[in-house]
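In what follows, chains are A, B, ... by sequence order, proteins preceding strands, each numbered from 1. Predicted model only: the values in this text are computed from it and were never measured.
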4 protein chains.
Amino acid sequence: MKKLGVKERILQTASKLFYFQGFNQTGINQIIAEAGVAKASMYQHFRSKEDIAVAYLIERHAMWMRQLSNFVSVEKDPKDKIISCFDYLIERVTEVNFRGCGWQNIITDLPEDHYKIRNQVLLHKNDVRAWIKATLKEVKEYSNEEADTLGDEIVILLEGAIIQSQIQKDIWPIHSGKSVCKKIINKNIDNYIV
Amino acid sequence: MKKLGVKERILQTASKLFYFQGFNQTGINQIIAEAGVAKASMYQHFRSKEDIAVAYLIERHAMWMRQLSNFVSVEKDPKDKIISCFDYLIERVTEVNFRGCGWQNIITDLPEDHYKIRNQVLLHKNDVRAWIKATLKEVKEYSNEEADTLGDEIVILLEGAIIQSQIQKDIWPIHSGKSVCKKIINKNIDNYIV
Amino acid sequence: MKKLGVKERILQTASKLFYFQGFNQTGINQIIAEAGVAKASMYQHFRSKEDIAVAYLIERHAMWMRQLSNFVSVEKDPKDKIISCFDYLIERVTEVNFRGCGWQNIITDLPEDHYKIRNQVLLHKNDVRAWIKATLKEVKEYSNEEADTLGDEIVILLEGAIIQSQIQKDIWPIHSGKSVCKKIINKNIDNYIV
Amino acid sequence: MKKLGVKERILQTASKLFYFQGFNQTGINQIIAEAGVAKASMYQHFRSKEDIAVAYLIERHAMWMRQLSNFVSVEKDPKDKIISCFDYLIERVTEVNFRGCGWQNIITDLPEDHYKIRNQVLLHKNDVRAWIKATLKEVKEYSNEEADTLGDEIVILLEGAIIQSQIQKDIWPIHSGKSVCKKIINKNIDNYIV
DNA sequence: TATGAATGAGCATTCATTCAT
DNA sequence: AATGAATGAATGCTCATTCAT
């Protein structure tokens, strides 16, 4: 259980470094040094640094979706599932060394030709967006169009909350996002006044 | 009118490159080559690459605030001023080569010790936030507390809209943000239905 | 016999340059150019310029001690061994391109934070000092205290002789040092008159 | 009395820096910054960095000789004057920030073509040597030849004592040098046993 | 499958000096 | 007499990648 394979060790080390130091701040040398792997061995498993990043993003995506759906699964009402997404964010943001959204971080300052990474970021963001819309469609009172529209709005709230938390090093943005989310998720007027 | 001073040329070139290619993707060599300046001349005007970035952010901040307040000045009602912030974003996002928020982009993958840049990003974000709150406080029906709360919420919407636009290379996030903004800015129930 | 390994070639080239032109006068670029090695190859074998200098000093120390003890081994009497140290110096000083003591030279104008080099210089100087004292302790007529005192005095003579030779580009300082050494090494008065 | 001329300010600043940081460790920029002088003004007063160093060495030489002869002037016996040279060294060495002999330090790691500095170092060393010999010639019991020989020997002791003090960061080398000096300066046998 | 050795291009920064004003 | 602006060359060092074994 202890001794991971070479590829796993590289990916695990790189994932930690890419997220906590940043993609540009992490060199191949640091990865192989901390993973305890020879350089050429690394290039046997991954064709390039970009490919490691792609693997990192894929794994992170799986983990993220799993943890999120896990976290919200305690709620029965789909509306509450969506609202509790913000509580999930709070859990993430209050972790030590929180460094924002791994996908936002990697795409904002990336060599122009790293298409695979750009693609991976889009995949993640669209999966989250799709999951939110699908969840909203479980709400009877919403039409499909209403669910789609509302889904996009909630995506914006989540994105804004997370990046602003990172910049401000504070959780007020999550609370603000959650507050707006609660307002817009209910057609019912009484819920509107927060 | 053509021949700028050396410092201006450096800053102008660096600003373009920092925004359109990213801070890490832009080397000092490219800056001086495109600005047509000797390396040591550059270092006479700026102590470090970080200092150039700070100057870029300061200038961009001034421009951004000026253009924003200019843009919204056609509106009289403070609520409309805030809503038209999203129209300002649309104008920005639809520019060719739109690359998202210069401040978000530079801070998400930055060497740990670049404090001056981090500080500049915070200054910008807080100035925008303060401007929004101040504008909302002109609305009679809001108490100070309501204006502050609402201001934070709108900040989240703007941030989310802009980064999601960048990732999606689309303007639907701005429209979604604006839509939410219109909902929450009015206490009046009738405005709720979009 | 001709084709040395890369590391050996770097060290050999750097040693020559550090000694004959000085540490500050020798740049990494010159070392790799003359060694015929790529820059990154060099940094694979040595973490820094300082580390190359340390390797150079370690190797030079081994050589110096080996040659010295070899040179004086023709003498049986420990006193004569010590005196012939000055003859060893003469051999060194009369070599073409003599540039003084490698350890003195490197430490006198050194960036403040080069601790490893400073440490290496101290190691060398103290090894020489210890060797001299140990040799003197073989002399029956000396008490341990006398040997220690005399050892320190001879160290001073050697140091003074070598640096003054370097400055004057002459060997009279070695002869003067040797002359004093002969005077003080004998308790016997008759030897006092040179 | 406070406001020095530009040239004096440059020389004073450079002298401090050359001695306490080293010649190679001190750049023109630091000199002009700390002297509060424009770069071109500096080059108006001194043709090159080397020329500043020459001026520094000349001034230091004058100061050194003045202070030394002052220090030893309390002694009447020329032998005692010579011996008290070592006490003068002790005074120097125990000063805070003692960094060894300014002339030794500058010559050991110097660009090959800095002839003026090399020359200045020789001038200083030979002046000291001449002064010692002249003082010894006042001793009646010495022949001219004996004074010359002894003078060279004492030069070696002083040089060795000072550089070893610098390396060891200790004053035992001065005491050792002084001890030898006392032994060799007296023909009288009784003084020989320390 | 695994690896240590090697690489060329690039990094940000500093150097002593000169020039136009 | 004094200066701010400008420079080319060099500094030590790191990058992601490839190759020979």
Worksheet, complete the sentence: Tightest non-hydrogen contact, residues C:Gly100 and C:Asn105, listed as C-ND2, 4.0 Å

Item to complete: Check A:Arg118 against A:Glu112 and note the closest heavy-atom contact, atom names and distance.
Response: NE-O, 3.7 Å

Discussion item. If we ignore hydrogens and angles and just use 3.5 Å, is the side chain of C:Thr26 paired with the main-chain N or O of C:Gly22 as donor and acceptor?
Written reply: yes

Discussion item. Below 4.0 Å from chain B heavy atoms, what is the first contacting nucleotide of DNA chain E and what is the last?
Written reply: E:dC11 to E:dC15

Worksheet item: Closest heavy-atom contact between A:Thr13 and A:Ile31?
Response: CG2-O, 3.8 Å

Fill in: Smallest separation among heavy atoms of D:Gln120 and D:Ile58, with atom names
NE2-CG1, 3.3 Å

Practice prompt. State the CE-CD1 distance between B:Met42 and B:Ile32, to the nearest 0.5 angstrom.
Written response: 8.0 Å

Worksheet item: Closest approach of D:Cys101 and D:Lys125, non-hydrogen atoms and distance?
Response: SG-NZ, 3.1 Å

Response to the item:
In terms of heavy-atom contacts, B:Ile106 and B:Leu57 come closest through CG2-CD1, 4.2 Å

Discussion item. As a quick check of understanding, evaluate side chain to side chain contact (heavy atoms under 4.5 Å, CB included) for C:Arg99 and C:Gln21, giving each step before the final call.
Written reply: CA-CA 8 Å; C:Arg99 273 253 319 174; C:Gln21 348 183 105; 6.0 Å; no

Worksheet, complete the sentence: Output for pair (B:Glu59 CD, B:Gln12 CD), nearest 0.5 Å, gives 8.0 Å

Worksheet item: Which residue pairs pass the ring pair (Phe, Tyr, Trp, His ring centres under 6.0 Å) test when at least one of the two sits in residues 6-43 of chain A, sequence neighbours left out?
Response: A:Phe18-A:Phe23, A:Phe18-A:Tyr56

Worksheet, complete the sentence: Within residues 49-60 of chain D, those residues having any heavy atom closer than 4.0 Å to DNA chain F are none

Discussion item. Checking base pairs now: Watson-Crick or wobble, both atom distances under 3.5 Å. What partners E:dA20?
Written reply: F:dT3

Worksheet item: Quick one, which residues of residues 13-35 of chain D touch DNA chain F with a heavy atom under 4.0 Å?
Response: none

Worksheet item: Who pairs with A:His124 by ring pair (Phe, Tyr, Trp, His ring centres under 6.0 Å), at least two apart in sequence or on another chain?
Response: A:His61, A:Trp64, A:Trp103

Practice prompt. May I ask you to check if A:Lys7 and A:Phe46 form a cation-pi contact, with NZ or CZ under 6.0 angstrom from the six-membered ring centre and within 45° of the axis?
Written response: yes

Worksheet entry | Between F:dA2 (P) and D:Glu8 (CD): distance, integer Å | 11 Å

Response to the item:
So, with a heavy-atom separation below 4.0 Å from DNA chain E, the residues of residues 36-45 of chain B are B:Lys39, B:Ala40, B:Tyr43

